[in-house]
**Student:** 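Take this structure first; my questions come after.
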Amino acid sequence: MRILQLHCDYIEFTPIKKEIKSAEDIELKTEHLDEVVVAFVAVEDGDNADVAKKAMGEISESMKKVGCKKLLLYPYAHLSSKLASPSAALSVLKEMESKADGLDVRKAPFGWTKSYKLQVKGHPLAESSKTISAGEEKEPTSEALKAESKIQSFWHIMTPDGKMHDIDKFNFAKHANLEVLAKYEAAKKRSVDEPPPHVKLMKKLAIADYEPASDAGNMRFFPNGRLIKSLIERYVTDKVVEYGGFEVETPIMYDSHHPSMESYFNRFPARQYNVNSEGKQLFLRFAACFGQFLMAKDFQMSYKNLPLRLYELTRYSFRREQSGELVGLRRLRAFTMPDCHAMCKDMEQAKEEFRKRFDLSRQVIKGLGLEESDFEMAIRFTEEFYNENKPLIEELVSKIGKPVLVEMWKERFFYFVLKWEFNYVDNLGKASALSTDQIDVENGKRYNIEFIDETNKPQNPIILHNSPSGAVERVIYALLEKAAKDQREGRKPGLPLWLAPTQVRIIPVKPEFFDYCEKLAEEISQKEIRVDLDDRNESVGKSIRDAETDWIRYIIVIGEKEVNATKISIRDRKTGSVKELSVDELVREIKEETKDKPFLKMNMNRHVSKRPQIMV
RNA sequence: GCCUCGAUAGCUCAGCCUGGUAGAGCGAACGCCUCGUAAGCGUUAGGCCGCGGGAUCGAAUCCCGCUCGAGGCUCCA
């Protein structure tokens with residue numbers, strides 16, 4: 001459908017003669033309308049009642065802006081070259097007439113040659129044209145997203161002693177990052193104006209890169225990146241299982257019109273990817289919540305089974321963030337999210353569980369190589385929850401041992417009453433959430449998850465939503481930003497040893513030592529250490545330089561001396577010096593530093609000469 | 001949609017203002033060197049200078065249009 005819309009001082013039109021047989025029967029008289037919006041409408045092939053409704057929606061919206069309530073629908077074939085049949089066009093026009101809620105609407109006769117004159121107003125909104133077609137509906141935007149900007153929040157700082165401070169009066173002198181977080185959050189400023197340093201590093205280290213053939217925010221991971229991701233995924237999963245989580249797997253797409261989905265959708269501020277298939281409108285999951293809730297609904301549960309912890313590592317969750325927000329690995333449209341829910345029988349149990357998960361998250365973040373000085377905590381709650389549960393909140397803040405950003409809501413808007421998260425503050429002063437946990441008092445009921453309590457009555461559980469690490473990609477982002485900061489401040493940048501794609505590199509002085517090196521590499525590799533061999537015909541200096549720029553922690557140079565002795569020369573990147581150790585001593589040192597961490601085999605050819613260069 | 005910036009070798013970029021045979025470094029192939037803790041040496045290959053048009057004897061370079069990318073703004077004629 002094509003519409004030319006004019007805001008007029010007046011219009012006057014007179015039917016002259018029938019243009020087509022099916023023209024409407026009308027009285028032949030001149031009509032005059034003042035202060036009117038005239039919509040010249042061409043109904044096109046394929047237009048239907050939906051299009052009519054959408055068109056009226058847009059017309060009435062723009063009429064509101066110009067403050068006019070009188071509308072004339074004027075059939076006007078000349079706007080299009082693919083017109084609908086006259087009968088179809090007439091019914092669509094009548095449909096439009098009937099959908100004009102709150103407007104004084106008229107329709108000029110259909111199928112007649114008419115003479116007309118009109119006078120168009122001279123303001124900027126007086127003229128506009130619209131093209132409306134079936135199928136391309138306005139994107140569904142969740143109610144939560146629309147309302148998020150309207151929520152009234154009260155911001156404070158809570159110190160470890162449990163005292164609340166006014167954010168304007170708090171002395172941030174010793175808490176620069178917290179200040180950044182506080183300003184960042186309270187101002188809701190999230191645009192990025194220069195690429196953050198980790199973008200260069202993720203390319204240089206052949207971890208990840210943009211994939212132009214995909215959608216923005218969907219990255220590709222090279223062998224190094226895939227290895228690092230796998231290790232982090234393994235580590236977080238092991239920790240959650242240790243804590244008592246059961247790993248499950250759920251679908252990545254869901255029916256938008258499933259009743260539980262529709263209402264949850266409106267409680268979560270996110271934009272979706274939509275997929276149409278055989279008439280179903282599906283969306284790609286933005287979290288693992290629904291999958292686990294729908295699963296738990298089908299469990300028969302007693303209070304004795306609670307807390308029940310379900311865990312999934314979603315590869316991927318999808319959020320269609322605004323394109324301007326996407327940068328490197330910080331904010332993506334497709335990301336890997338460890339997501340653990342605990343169903344609890346009552347608030348007492350929920351609080352107890354919440355404490356456990358707080359400790360779990362702190363342990364996981366530390367294990368991943370981030371110190372408590374690397375992140376700032378924010379805690380958010382409703383006023384009511386705070387008044388009833390001060391000791392819990394104060395306990396969490398005191399465990400962190402430094403001031404924490406507080407957001408308090410007068411009333412509950414989201415599905416949770418309490419939420420905390422650890423935020424990494426990067427080199428450009430941008431804050432991003434890593435670990436988080438929430439107490440959800442709404443979705444047990446929404447998803448009809450039930451357990452039978454001590455008195456044999458069905459109840460809905462309270463649900464905790466925890467990601468002990470945050471998105472895996474974001475963990476890599478934080479590690480790289482931390483490394484960039486080290487570099488900027490004159491320290492050697494590096495990754496934790498257990499995440500290094502190569503942990504040990506062997507460099508022969510001359511090709512005649514290749515055999516010895518091969519044996520040595522095999523021996524070290526047998527001990528579950530990622531070792532490779534620079535068998536290129538390059539100078540020793542060049543090989544060492546390359547190993548250094550690849551952030552390889554241990555470099556072994558093999559020459560005459562080593563072949564004939566038990567100790568080998570090992571360059572430790574951390575200290576920059578060379579030391580003499582036996583192979584066993586080296587192995588022990590590496591094992592000590594990587595203990596309690598998962599191991600995966602090298603994800604590249606052991607021989608450096610056999611590897612492709614990843615030039616990005 | 002609008003604004004700004006960009007697009008030249010696998011990568012990073014120079015050349016463009018002031019038109020005249022396409023440049024460097026890194027990387028790659030080949031060869032020499034056989035090397036002791038951050039870049040050894042040489043040779044060679046590799047380009048529709050994003051796409052289309054215009055003015056010019058002649059365009060990577062000037063003009064117009066388009067496409068794609070990054071960032072910003074915006075729902076506006």
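These values consider heavy atoms only, across backbone and side chains, with no hydrogens, waters or symmetry-generated copies. Remember, predicted model here, so these are calculated numbers, not experimental data. Residue numbers begin at 1 in each chain, while the letters A, B, ... track the order of the sequences.
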**Student:** Measure the distance from CD1 on A:Ile507 to C1' on B:rA39 and round it to the nearest whole Å.
**Tutor:** 13 Å

**Student:** Just name whichever nucleotide pairs with B:rC75, Watson-Crick or G-U, keeping both distances under 3.5 Å, else none.
**Tutor:**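 No nucleotide pairs with B:rC75.
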
**Student:** Using atom P in both nucleotides, what's the gap between B:rG53 and B:rC13 to the nearest angstrom?
**Tutor:**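 30 Å, rounded to whole Å.
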
**Student:** Rounded to whole angstroms, how far apart are CZ on A:Arg611 and P on B:rA28?
**Tutor:**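 Taking CZ of A:Arg611 and P of B:rA28, I get 13 Å after rounding.
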
**Student:** Pick the C1' atom in B:rG46 and in B:rC30, then give their distance to the nearest Å.
**Tutor:**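 That atom pair is separated by 14 Å.
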
**Student:** Report the C-alpha distance between A:Phe13 and A:Tyr116 in whole Å, list the side-chain angles of each, state the deciding distance to 0.1 Å, and finish with yes or no for ring pair (Phe, Tyr, Trp, His ring centres under 6.0 Å).
**Tutor:** CA-CA 4 Å; A:Phe13 62 92; A:Tyr116 67 92; 8.4 Å; no

**Student:** Go ahead and name the base partner of B:rU44; Watson-Crick or wobble counts if both distances stay under 3.5 Å, otherwise write none.
**Tutor:**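 Its partner is B:rA28.
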
**Student:** If you check the A:Arg571 side chain, which of B:rC35, B:rG40, B:rU37 turns out closest?
**Tutor:** B:rU37

**Student:** Pairing check on B:rU21: which nucleotide meets the Watson-Crick or G-U wobble criteria with it, both distances under 3.5 Å?
**Tutor:** none

**Student:** So what does A:Ser543 hit on the nucleic acid, given a heavy-atom distance under 4.0 Å: a base, only sugar-phosphate, or nothing?
**Tutor:** nothing

**Student:** Please state the P separation for the pair B:rG47 and B:rC11 - nearest whole angstrom.
**Tutor:** 13 Å

**Student:** Considering only NZ, NE, NH1 and NH2 on the basic side and carboxylate oxygens on the acidic side, decide whether A:Glu97 and A:Arg106 come within less than 4.0 Å.
**Tutor:** no

**Student:** Could you tell me the Watson-Crick or G-U partner of B:rU56, where both distances fall under 3.5 Å? Say none if there is no partner.
**Tutor:**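 The answer is none; no pair meets the criterion.
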
**Student:** Taking the C1' atom of each, how far is B:rG31 from B:rU21, in whole Å?
**Tutor:** 30 Å

**Student:** Assign each of A:Ser609 and A:Asn537 to its nearest nucleotide of RNA chain B by heavy atoms, then name whichever residue's nucleotide is nearer the 5' end.
**Tutor:** A:Ser609

**Student:** What contact category does A:Glu512 fall into here, base, sugar-phosphate, or nothing, at under 4.0 angstrom with non-hydrogen atoms?
**Tutor:**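 No contact at all - A:Glu512 keeps every heavy atom at 4.0 Å or more from the nucleic acid.
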
**Student:** Across all strands shown, which nucleotide pairs with B:rU61 by Watson-Crick or G-U wobble geometry, both distances under 3.5 Å?
**Tutor:**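 Pairing partner: none.
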
**Student:** Using only heavy-atom distances, determine whether the side chains of A:Arg553 and A:Thr502 contain a donor-acceptor pair under 3.5 Å.
**Tutor:**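 Judged by distance alone, the side chains do not pair up.
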
**Student:** Could you tell me the separation between the CG atom of A:Leu6 and the P atom of B:rA77, rounded to a whole number of Å?
**Tutor:**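 Nearest whole value for this atom pair: 13 Å.
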
**Student:** Measure from CD1 on A:Ile544 to C1' on B:rG40 and round the result to the nearest Å.
**Tutor:** 14 Å

**Student:** If you measure from the P atom in B:rG72 to the same atom in B:rA77, how many Å do you get, rounded?
**Tutor:** 25 Å

**Student:** Could you check how far CD1 of A:Ile614 sits from C1' of B:rC26, rounded to whole Å?
**Tutor:** 17 Å

**Student:** NA contact type, A:Gly559, heavy-atom cut-off 4.0 Å: base, sugar-phosphate, or nothing?
**Tutor:** base

**Student:** What does B:rC16 pair with, Watson-Crick or G-U, if both distances are under 3.5 Å?
**Tutor:** none

**Student:** Under 4.0 Å between a side-chain N/O of A:Ser539 and OP1 or OP2 of B:rC35, yes or no?
**Tutor:**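 Answer no for this pair, as no side-chain N or O of A:Ser539 is under 4.0 Å from OP1 or OP2.
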
**Student:** Distance check, C1' atoms only: B:rA45 and B:rC5, in whole angstrom units.
**Tutor:** 34 Å

**Student:** Any chance the side chains of A:Glu562 and A:Asn564 put a donor and an acceptor closer than 3.5 Å?
**Tutor:** no

**Student:** Work out how far the C1' atom of B:rA39 is from that of B:rA14, and round it to whole angstrom.
**Tutor:** 22 Å

**Student:** Determine, for A:Glu589 against A:Lys579, whether the closest basic-nitrogen to carboxylate-oxygen distance falls under 4.0 angstrom.
**Tutor:** yes

**Student:** Using purine N1 to pyrimidine N3 plus N6-O4 or O6-N4 for Watson-Crick, or N1-O2 and O6-N3 for G-U wobble, both under 3.5 Å, which nucleotide pairs with B:rC33?
**Tutor:** none

**Student:** Considering every strand and a 4.0 Å limit on heavy-atom distances, what is the contact class for A:Val557: base, sugar-phosphate, or nothing?
**Tutor:**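 The answer is base, as A:Val557 lies within the cut-off (heavy atoms under 4.0 Å) of a base atom.
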
**Student:** So what's B:rG50 paired with, Watson-Crick or G-U wobble, going by both distances under 3.5 Å?
**Tutor:**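 Check on B:rG50: paired to B:rC66, both distances under 3.5 Å.
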
**Student:** Less than 4.5 Å apart, side chain to side chain, heavy atoms only: is that true for A:Asn218 and A:Phe318?
**Tutor:**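 Yes, close enough: below the 4.5 Å cut-off.
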
**Student:** A:Lys204 NZ to B:rG10 P: how many Å, rounded?
**Tutor:** 23 Å

**Student:** Looking across every strand, which nucleic acid part, if any, lies under 4.0 Å from A:Gln613 by heavy atom: base, sugar-phosphate, or nothing?
**Tutor:**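 The answer is sugar-phosphate, as A:Gln613 gets under 4.0 Å only of primed atoms, P, OP1 or OP2.
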
**Student:** Rounded to the nearest Å, what distance is computed from the CG atom of residue A:Asp546 to the P atom of nucleotide B:rA39?
**Tutor:**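 Those two atoms, CG and P, are 10 Å apart.
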
**Student:** Sort out for me which residue in A:Lys601, A:Arg505, A:Arg606 forms a salt bridge (charged side-chain N to carboxylate O under 4.0 Å, His left out) with A:Asp532.
**Tutor:** A:Arg505

**Student:** Find the distance A:Glu538:CD to B:rA39:P and express it as a whole number of Å.
**Tutor:** 12 Å

**Student:** Does the structure place the NZ or CZ of A:Lys107 under 6.0 Å from the centre of the six-membered ring of A:Tyr74, at an angle of no more than 45° from the ring's axis?
**Tutor:**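 No; the conditions do not both hold, so A:Lys107 does not lie above the ring face of A:Tyr74.
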
**Student:** What's the closest nucleotide to the A:Lys542 side chain, out of B:rC35, B:rA39, B:rU37?
**Tutor:**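 For A:Lys542, the side-chain atoms sit closest to B:rA39.
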
**Student:** Looking at B:rA38, B:rG36, B:rU34, which one has an atom nearest to any side-chain atom of A:Lys510?
**Tutor:** B:rU34

**Student:** If we take the P atom in both B:rG52 and B:rC48, what is their distance in whole Å?
**Tutor:** 12 Å

